[in-house]
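The structure under discussion appears below in the form of structure tokens.
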Protein chains: 2
Amino acid sequence: MGEAKKRRDYEKELRDAGIRITRARKTILKILEEGEKHPDAMEIFRRASEIDATVSLSTVYRTMKILEDRGAIQRHVFEGGPSRFEPAGGTHHDHLIDTDTGEVVEFRSDKIEALQEEIARSLGYEIVSHRLELYVRKIGRRRG
Amino acid sequence: MGEAKKRRDYEKELRDAGIRITRARKTILKILEEGEKHPDAMEIFRRASEIDATVSLSTVYRTMKILEDRGAIQRHVFEGGPSRFEPAGGTHHDHLIDTDTGEVVEFRSDKIEALQEEIARSLGYEIVSHRLELYVRKIGRRRG
DNA sequence: ATTCCTGCAAAAGATTTGCACGTTT
DNA sequence: AAACGTGCAAATCTTTTGCAGGAAT
């Protein structure tokens with residue numbers, strides 16, 4: 001199947017869906033396309049504000065919701081923090097979160113995926129979705 | 001898993017720790033000991049209110065915090081819902097959540113545990129904690 | 001008596017929404 | 001012009017906290 005959808009073009013995606021591309025949205029989308037992989041709403045808002053001080057936090061949230069509803073981004077709620085957003089569309093993966101820095105690393109294990117399926121099936125269920133998060137710290141780092 | 005589920009005695013646990021056993025706490029602890037395994041704060045509050053209408057939601061939360069700090073219960077935040085509390089102290093396990101009913105089933109997979117360790121280590125991390133949740137539906141149940 | 005708890009109301013943090021106005025198509 | 005989108009403030013929802021009175025030890 002066609003893959004190679006590395007570079008995202010949210011703007012086209014929304015335009016094609018008949019959604020208007022406004023100044024605020026343009027700013028937010030650019031941040032998503034160019035910025036870090038797992039920003040939270042406040043982070044997006046801060047960056048957007050630097051480019052266009054009139055953008056509001058509400059609009060950030062509303063834009064995230066539109067993208068999420070279209071499957072263009074995924075929302076993750078890691079322990080103890082606000083929602084963080086990541087571009088969707090790649091292969092499925094799970095997350096490893098550095099508890100010291102908040103950094104997120106993506107990983108994938110077909111073995112784990114298979115085992116999950118097995119477990120669910122053996123209990124009479126089918127998996128709708130799942131989440132696996134490893135909260136970790138760099139080996140050797142001293143305890144805070 | 002197989003071993004007899006030792007009945008919890010939160011009251012003794014707290015008393016031994018020098019924490020006062022008040023009327024409100026007695027009520028709440030009884031609910032935890034006798035009720036379902038994964039109630040949320042509001043559910044505990046409702047049940048407590050039936051026994052003693054003066055118990056407040058604040059006290060429910062405060063009591064949960066005390067128990068959590070002592071490792072007597074664990075708090076879980078499943079997708080889209082409020083925190084749910086479960087008696088701690090058994091072996092580690094993960095959760096399977098029925099998305100139709102909210103019911104929680106505990107399971108454990110040593111294979112998955114081992115794979116997680118392997119993955120974290122191969123990336124240069126050690127696991128601090130982790131969470132694996134399977135959001136599922138009964139096989140054969142028709143879609144809503 | 002002293003220390004700890006409690007209920008209440010208010011605060012907090014994250015996110016959503018009503019509304020009147022401004023912008024995109 | 002007609003729809004749609006925006007900022008702002010206010011509302012939600014869940015959880016926490018300040019405070020002054022009450023209860024446990």
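Letters A, B, ... are given to chains in the order of the sequence lines, protein chains preceding strands, and every chain is numbered from 1. Values reported hereafter were calculated over all heavy atoms of this structure, with side chains retained and with hydrogens, waters and symmetry mates removed. What you see is a predicted model, and the numbers here were worked out from it, not measured in a lab.
- In this structure, B:Arg15 atom CZ and D:dA23 atom C1' are separated by 14 Å, rounded to whole Å.
- Checked by atom type and distance alone, the side chain of B:Tyr125 never pairs as donor or acceptor with a backbone atom of A:Leu134 at under 3.5 Å.
- Among the protein residues, B:Ser56 comes within range of the nucleic acid bases, having at least one heavy atom under 4.0 Å from a base atom.
- The base of D:dA3 lies close enough to the side chain of A:Arg20 for a donor and an acceptor atom to sit less than 3.5 Å apart.
- Using modelled atom types, no side-chain atom of A:Arg121 and backbone atom of B:Ile139 make a donor-acceptor pair closer than 3.5 Å.
- The distance between atom CD1 of B:Ile44 and atom P of D:dT14, rounded to the nearest whole Å, is 14 Å.
- Within the structure, a side-chain polar atom (N or O) of A:Arg25 is placed less than 4.0 Å from OP1 or OP2 of D:dG5.
- Ring-plane geometry between A:His95 and A:His38 is classed as perpendicular, the angle between the planes exceeding 60 degrees on a 0 to 90 degree scale with a lower cut at 30.
- One finds no salt bridge joining A:Arg84 and A:Glu43 here, because no Lys/Arg side-chain nitrogen approaches an Asp/Glu carboxylate oxygen to under 4.0 Å.
- Nucleotide D:dT25 holds its P atom 12 Å from the CG atom of B:Leu14, rounded to whole Å.
- The separation between A:Ile21 atom CD1 and D:dC4 atom P is 14 Å, rounded to whole Å.
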Please write out each protein N/O paired with an N/O of nucleotides 15-19 of chain D under 3.5 Å, distance rounded to 0.1 Å.
from: D:dT15; atom 1: OP1; to: B:Ser83; atom 2: N; distance (Å): 2.8
from: D:dT15; atom 1: OP1; to: B:Ser83; atom 2: OG; distance (Å): 2.6
from: D:dT15; atom 1: OP2; to: B:Tyr61; atom 2: OH; distance (Å): 2.3
from: D:dT15; atom 1: O5'; to: B:Tyr61; atom 2: OH; distance (Å): 3.2
from: D:dT17; atom 1: O4; to: B:Ser58; atom 2: OG; distance (Å): 3.1
from: D:dG18; atom 1: O6; to: B:Arg62; atom 2: NH1; distance (Å): 3.4

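- Ring geometry, A:His130 versus A:His92: the interplanar angle falls from 30° to 60°, so the pair is classed tilted.
- First and last contacting nucleotides of DNA chain C toward chain B (any atom under 4.0 angstrom from a heavy atom, 5' to 3' order): C:dT3 to C:dA9.
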Tell me which donor-acceptor pairs under 3.5 Å the side chains of residues 15-28 of chain B have, and how far apart each pair is, sequence neighbours excluded?
from: B:Arg15; atom 1: NH2; to: B:Glu11; atom 2: OE2; distance (Å): 2.9
from: B:Asp16; atom 1: OD2; to: B:Lys12; atom 2: NZ; distance (Å): 2.5
from: B:Thr22; atom 1: OG1; to: B:Arg25; atom 2: N; distance (Å): 3.2
from: B:Arg25; atom 1: NH1; to: B:Arg20; atom 2: O; distance (Å): 2.9
from: B:Thr27; atom 1: OG1; to: B:Arg23; atom 2: O; distance (Å): 3.0

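- A salt bridge links A:Glu133 to B:Arg131: at least one charged side-chain nitrogen sits closer than 4.0 Å to a carboxylate oxygen.
- Salt bridge annotation for B:Glu50-B:Arg47: absent, with no cationic side-chain nitrogen under 4.0 angstrom from a carboxylate oxygen.
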